[in-house]
Amino acid sequence: MTETKREIERKYESDESGLPDLTGVAGVASVLDKGVTELDATYYDTSDLRLASASITLRRRTGGSDAGWHLKLPVGPGVRDEIRAPLSDAVPDELAGLVRSRIREGQLVPVVRLRSSRDIRELVDAQGRLLAEASVDAVRADRQFGGEGSAQWTEIEVELADGGDPVLLDKVEKRLRKAGVRPSKSASKLARALAETKGGHPRPKDKGPAEPVTAGDHVLAYIRAQRDAIVELDPAVRRDAEESIHDMRVATRRLRSTFRSFRKVLDREVTDPIADELKWLAGELGVGRDHEVLAERLDAALDALPSTLVSGPIHERLRTWAKAGEHGSRRRLLGVLDSRRYLTLLDSLDAVVTDPPTLKAAGSKPDKVLAKAVRKAFGKVSALVEEAMEQEPGTDRDLALHEARKKAKRTRYAAETAHPALGGTARTLVKSMKSLQSLLGDHQDSVMARTTLRELSAVAHAAGESAFTYGVLYAREERRAERVEEALPAEWKKTSGSMEV
């Protein structure tokens, strides 16, 4: 069982003078001496320090009030999510899973042991409420793997209390600076330990070219960003963080779309198989997610009905249907993220970034190559929208609009890729495609909602329940789709005018 704590802290260099007096810092009524605590932490990483290269730390620590395993994932400057697990001999499976997208098949080994004598002060307000904890840490670091040697230093650490105002840290820092204390040059104790002991250092991050120059540079920069997004979102998906599944699914779609839109830049013999695997991953991420979104839509529609139009146990039947879609989807997704197939896909994406399968067009100037790909993608959207508007309302039009929506996404992602090279015209097209995609998405959601309502109505009727409310909801969804179709010509006219690349 794990728990998560948002850690907001700052670290400072310290000499022998110790912690300056912080009494009187705005909001701090008193500083309480909590004594000295002995901490002993062993940090784990792969032999090539993949976690450290991503500013992630995994440690087993004894001593203090929070002994156990701690995994720290970066959120922003000075902000990390610390995920805690009970003390055990081996790395807990759940924490190992949260770093799997980073380490893949690599093994976690002890790399550094840090022993600290922590002299703790609590900063409290006039009511005795904890505002922050300030400490002076006397640290000894001993290399365990990948090097040898030891290092010693003293540092000051100030950590905000849970729910505290980060502005307090600015006020404390102002006092510290007046006393001659300066921010630490190292982001963490581990980073300093690795820098000051002999042996390997974290492998450099793959940042790609500083400024994209060729068409291939731009395409690879976009691919790299989506690859990074998948890897970084993996722990959030495992923790079921809000919108994480959706965001990872979008990243997989962007990658797949980019491979297909820029086949003149990248060798499709290499990228087509990867695109197929990305389609598989997007499908697995969608198991349960599409059902959840549809359930929320139907639930909201039902809540919006006057009570006089609600007949029979429809609330209960919708809840039962929604739970049926959730059953087993979470466990299945975790299995996917632990699978060799998924890890192999991540390795394949790494290979595209580090050893790009570029074609001749990749070395060309970006404006011509990228603009041509965007225009081609737009042409496919145009043909499908024109076809749909010429058809009578019904299944054929629904299918054409659904295909147009998918092609609108591809055009949007192609324009996103080209935006750094083509500038404002591509940005305008991105906005137009997003608006069109949203409109057509509402239409497709209505199609799916009506299909589900027909199925639920049949089940209710067979059980001897009233199907009246299902019909009311169906009619409302039908009207919602009609409004989309009525708005489409004007939306398409506006969208067509944005195509200037």
(request) State, yes or no, whether a side-chain contact exists between T495 and V385 at a heavy-atom distance under 4.5 Å. (result) no

(request) Might you work through the side chain to side chain contact (heavy atoms under 4.5 Å, CB included) test for H402 and L440, ending with a clear yes or no? (result) CA-CA 7 Å; H402 181 47; L440 297 179; over 6 Å; no

(request) Considering only NZ, NE, NH1 and NH2 on the basic side and carboxylate oxygens on the acidic side, decide whether D350 and R104 come within less than 4.0 Å. (result) yes

(request) Only one of I56, L51, L58, T57 passes side-chain contact (heavy atoms from CB on, under 4.5 Å) with L190; say which it is. (result) T57

(message) salt bridge (Lys or Arg N to Asp or Glu O under 4.0 Å) for R483 and E486? Distances and angles first, verdict last.
(response) CA-CA 5 Å; R483 286 196 293 269; E486 291 166 359; over 6 Å; no

(message) Could you check whether any side-chain N or O of S53 sits under 3.5 Å from a backbone N or O of R50, counting only pairs where one atom can act as donor and the other as acceptor?
(response) yes

(request) Mind checking the CZ-CG spacing from R227 to L345? Nearest 0.5 Å is all I need. (result) 11.5 Å

(message) Is a donor from one side chain sitting under 3.5 angstrom from an acceptor on the other, for R450 and Y474?
(response) no

(message) Does this structure show an ion pair linking D442 with R297, if we count only N-O contacts that are shorter than 4.0 Å?
(response) yes

(request) State whether a side-chain donor-acceptor pair under 3.5 Å links R405 with Q444. (result) no

(message) Do V75 and E7 make a side-chain contact, defined as non-hydrogen atoms from C-beta onward lying under 4.5 Å apart?
(response) no

(message) Looking at R263 and R268, would you say the former's side chain and the latter's main chain have a donor-acceptor pair under 3.5 Å?
(response) no

(request) First locate atom CG of L130, then atom CG of L32, and finally report the distance between them rounded to the nearest 0.5 Å. (result) 8.5 Å

(message) Using the rule given for side chain to side chain contact (heavy atoms under 4.5 Å, CB included), can you reason through E387 versus L384, listing the C-alpha separation, both sets of side-chain angles and the distance that settles it, and then say yes or no?
(response) CA-CA 5 Å; E387 175 189 342; L384 286 167; 4.0 Å; yes

(request) Describe, in one word, how the ring planes of Y44 and W69 are oriented to each other, choosing from parallel (under 30°), tilted (30 to 60°) and perpendicular (over 60°). (result) tilted

(request) Show the numbers, then the answer: is there a salt bridge (Lys or Arg N to Asp or Glu O under 4.0 Å) between D66 and R61? (result) CA-CA 8 Å; D66 62 347; R61 190 170 79 179; 2.7 Å; yes

(request) Could you check if a side-chain atom of R341 sits within less than 4.5 angstrom of a side-chain atom of W280, using non-hydrogen atoms only? (result) yes

(request) Would you name the heavy atoms of A251 and A229 that are closest together and state the gap between them? (result) CB-CB, 4.1 Å

(message) Just verifying a value: how many Å separate R375 CZ and S382 OG, rounded to the nearest 0.5 Å?
(response) 14.0 Å

(message) On a heavy-atom basis, which atom in S432 and which in E491 lie closest, and how many Å separate them?
(response) O-OE2, 4.4 Å

(message) So for atom CG, which belongs to D93, do other residues, nucleotides or ligands contribute more than 12 heavy atoms lying within a distance under 6.0 Å?
(response) no

(message) Nearest 0.5 Å, please: how far is CG in D267 from CZ in F259?
(response) 11.5 Å

(request) Heavy atoms only: give me the nearest R317-L456 pair and the separation to one decimal. (result) CD-O, 4.3 Å

(request) In plain terms, say whether D290 and R249 are close enough for a salt bridge, that is, a side-chain N and a carboxylate O under 4.0 Å apart. (result) yes

(request) Measure the CG-CG distance between L333 and D338 for me, rounded to the nearest 0.5 Å. (result) 9.5 Å

(request) Ignoring hydrogens and angles, tell me if any N or O in the side chain of T428 forms a donor-acceptor pair with the backbone of G424 under 3.5 Å. (result) yes

(message) When you compare the side chain of I245 with that of L233, does any pair of heavy atoms fall below 4.5 Å?
(response) no

(request) May I ask you to decide if E316's main-chain N or O and T320's side chain share a donor-acceptor pair within less than 3.5 Å? (result) yes

(message) Counting C-beta onward and ignoring hydrogens, is there a side-chain heavy-atom pair between I230 and L255 closer than 4.5 Å?
(response) yes

(request) Can you establish whether the number of heavy atoms outside Q127 located under 6.0 Å from its atom CD is more than 12? (result) yes

(message) Whether D234 and R238 form a salt bridge (side-chain N of Lys/Arg under 4.0 Å from carboxylate O of Asp/Glu) is what I want to check.
(response) yes

(message) How close do R6 and V79 get, counting heavy atoms only, and between which atoms?
(response) CD-CG1, 3.3 Å

(request) Ignoring hydrogens and angles, tell me if any N or O in the side chain of S339 forms a donor-acceptor pair with the backbone of V336 under 3.5 Å. (result) yes

(request) Tell me yes or no: between the side chains of R254 and T258, is some donor less than 3.5 Å from an acceptor? (result) no

(message) To the nearest 0.5 Å, what is the distance between CG on L370 and NZ on K264?
(response) 14.5 Å

(message) Tell me the closest heavy-atom pair linking T271 and P357, and the distance in Å.
(response) CG2-CG, 4.4 Å

(message) Could you check whether R10 pairs with D170 (Lys NZ or Arg NE/NH1/NH2 to Asp/Glu carboxylate O, under 4.0 Å)?
(response) yes

(request) Indicate yes or no for a side-chain donor-acceptor contact from T469 to the backbone of S311 under 3.5 Å, with no hydrogens or angles considered. (result) yes

(request) Answer yes or no: is there an ion pair linking E82 with R59, defined by an N-O contact shorter than 4.0 Å? (result) yes

(message) Contact between V25 and L123 at the side-chain level, heavy atoms closer than 4.5 Å - yes or no?
(response) no

(message) Donor-acceptor check, side chain of S101 to backbone of V231, threshold 3.5 angstrom: yes or no?
(response) yes

(message) Is it the case that the side chain of S257 and the backbone of R253 share a donor-acceptor pair, with hydrogens and angles ignored and the cut-off at 3.5 Å?
(response) no

(request) Using a strict 4.0 Å threshold on nitrogen-to-oxygen distance, state whether K380 and E403 make a salt bridge. (result) no

(message) Pair I83, L95 - check side chain to side chain contact (heavy atoms under 4.5 Å, CB included), show working.
(response) CA-CA 8 Å; I83 304 162; L95 298 190; 3.8 Å; yes

(message) Any heavy-atom pair between the side chains of V369 and F262 that's under 4.5 Å?
(response) no

(request) Compare every heavy atom of T252 with every heavy atom of A282, then report the nearest pair and how far apart it is. (result) CB-OG1, 3.5 Å

(message) Between E159 and K5, does any NZ, NE, NH1 or NH2 come within less than 4.0 Å of an OD or OE carboxylate oxygen?
(response) yes

(request) Indicate yes or no: does R289 engage E243 in a salt bridge with an N to O separation below 4.0 Å. (result) yes

(request) Begin from the C-alpha positions of L401 and E485 and carry the test side chain to side chain contact (heavy atoms under 4.5 Å, CB included) through to its verdict. (result) CA-CA 9 Å; L401 290 175; E485 294 175 15; 4.2 Å; yes

(message) Less than 4.5 Å apart, side chain to side chain, heavy atoms only: is that true for R100 and L337?
(response) no

(message) Tell me if a side-chain donor or acceptor on H291 pairs with a main-chain N or O of W321 at a distance below 3.5 Å.
(response) yes

(request) Look at the side chain of S438 and the backbone N and O of K434, then say whether any donor-acceptor pair between them is shorter than 3.5 Å. (result) no

